[in-house]
Amino acid sequence: MVTASSGNHGQAIAWITGVHGVPCTVVMPEDAVKAKENAARGYGAEVVFSGTLSHERITKARELAEANDLLYLPGYDHYDVIAGQGTIGLELLEQVPDVEAVLVPVGGGGLISGIATAIKEIHPQVKVFGVEPQFSNSMYLSLQNGRITARETIDTISDGLRSKQPGALTFSIVQNYVDEILVVSDAEIKEAMRLIMQYQKQVIEPSGATAPAAALFEKLGGRYKTVAAVISGGNVDFSVLSQIISHENQQP
């Protein structure tokens, strides 16, 4: 099996293929977070590097699949992957039955596609908001234009959300189920990471901090009383953490 991932999806595939003794290759960006790379290798996967953006590693993974007769498993643009991620929406409704609005980080769109489908099919009155970094907002642009739109450049600390464009499946699902896409700056993402470390004692990665950043910096404008923010990962380089801690007095 082969997959393309910034790291979190790749770790999951590396783990399950390791459990079943299936050879696995994970194509990661050249600037992959070391913790994600080491975890995938630790679960038994071979790691190959290609570019820094999602479409570069996806292209490489497809090439490897074709050349070596491997099964290619997409990181987000696949119904089974989307359905699996939708279980987060089910758990959220169980744990926060009075939730009014849900914030979800968006890269290629698989996570929010699953969560939004689960939530809207059960409680259509609950609002679902995607959150993207300011300079990696292809889903926002695509919805604005009414068609899949690629960004020419990507610039964000959130390595897991560097997608040049949404997936075909995910864009369609987001169009149907997601109420709005919000945008946060890297400065706001860093401050959310710092505040959550300081007050919640949790270390989260920049991609996982986008949703709480939207809540902390009032992107919803105080419209909802009960808001849930999905934190999607905790793999972060110590160099990034030290940078955030050393700049703790700088407000976004």
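Grouping Ile, Leu, Val, Met, Phe, Trp and Tyr residues whose side-chain heavy atoms lie under 4.5 Å apart, directly or via other members, places Met28 in a hydrophobic cluster with Val26, Val47, Phe49.
Judged purely by atom type and a 3.5 angstrom limit, Thr170 has no side-chain atom pairing as donor or acceptor with the backbone of Ser113. At least one donor-acceptor pair under 3.5 Å links the side chain of Thr3 to the backbone N or O of Leu73. A distance-only check finds no donor-acceptor pair linking the side chain of Ser172 to the backbone of Leu169 [under 3.5 Å]. With Asp237 contributing its side chain and Val33 its backbone, the two residues share no donor-acceptor pair below 3.5 Å. Here the side chain of Gln198 pairs no donor or acceptor atom with the backbone of Arg194 at under 3.5 angstrom. For Glu100 (side chain) and Lys225 (main-chain N/O), a donor-acceptor pair under 3.5 Å exists by modelled atom type. Checking side-chain atoms of Ser138 against main-chain N and O of Ser163 turns up a donor-acceptor pair under 3.5 Å. With Glu30 contributing its side chain and Gly51 its backbone, the two residues share a donor-acceptor pair below 3.5 Å.
The two residues Thr149 and Leu141 come nearest to each other via the heavy atoms OG1-O, 4.0 Å. When every heavy atom of Ala118 is checked against every heavy atom of Gly86, the shortest pair comes out as CB-O, 3.4 Å. When all heavy atoms of Glu132 and Ile181 are compared, the pair lying nearest together is OE1-CG2, 3.6 Å. Contact detail for Arg162 and Ile157: the closest heavy-atom pair is NH2-O, 3.9 Å. Nearest heavy-atom pair, Phe129 versus Leu182, reported as atom, atom and distance to 0.1 Å: CB-CD1, 4.1 Å.
With a 6.0 Å radius and a threshold of 12 heavy atoms from other residues, nucleotides or ligands, Glu218 has its CD atom at or below the threshold. Within 6.0 Å of the CD atom in Glu66, the count of heavy atoms belonging to other residues, nucleotides or ligands does not exceed 12. With a 6.0 Å radius and a threshold of 12 heavy atoms from other residues, nucleotides or ligands, Tyr224 has its OH atom above the threshold. For Phe171, the CZ atom is densely surrounded, since the number of other residues' heavy atoms within 6.0 Å is greater than 12.
A side-chain N or O of Tyr177 and one of Glu121 form a donor-acceptor pair less than 3.5 Å apart.
You'll find the side chain of Glu191 stays beyond 4.5 Å of the side chain of Leu216, heavy atoms only. With contacts defined as side-chain heavy-atom distances shorter than 4.5 Å, the pair Lys219/Val131 does not qualify. Contact annotation: the side chain of Ser6 approaches that of Arg57 to within less than 4.5 Å [non-hydrogen atoms, C-beta and beyond].
Lys60 is linked by a salt bridge (Lys or Arg N to Asp or Glu O under 4.0 Å) to nothing, counting only residues two or more places apart in sequence or in another chain.
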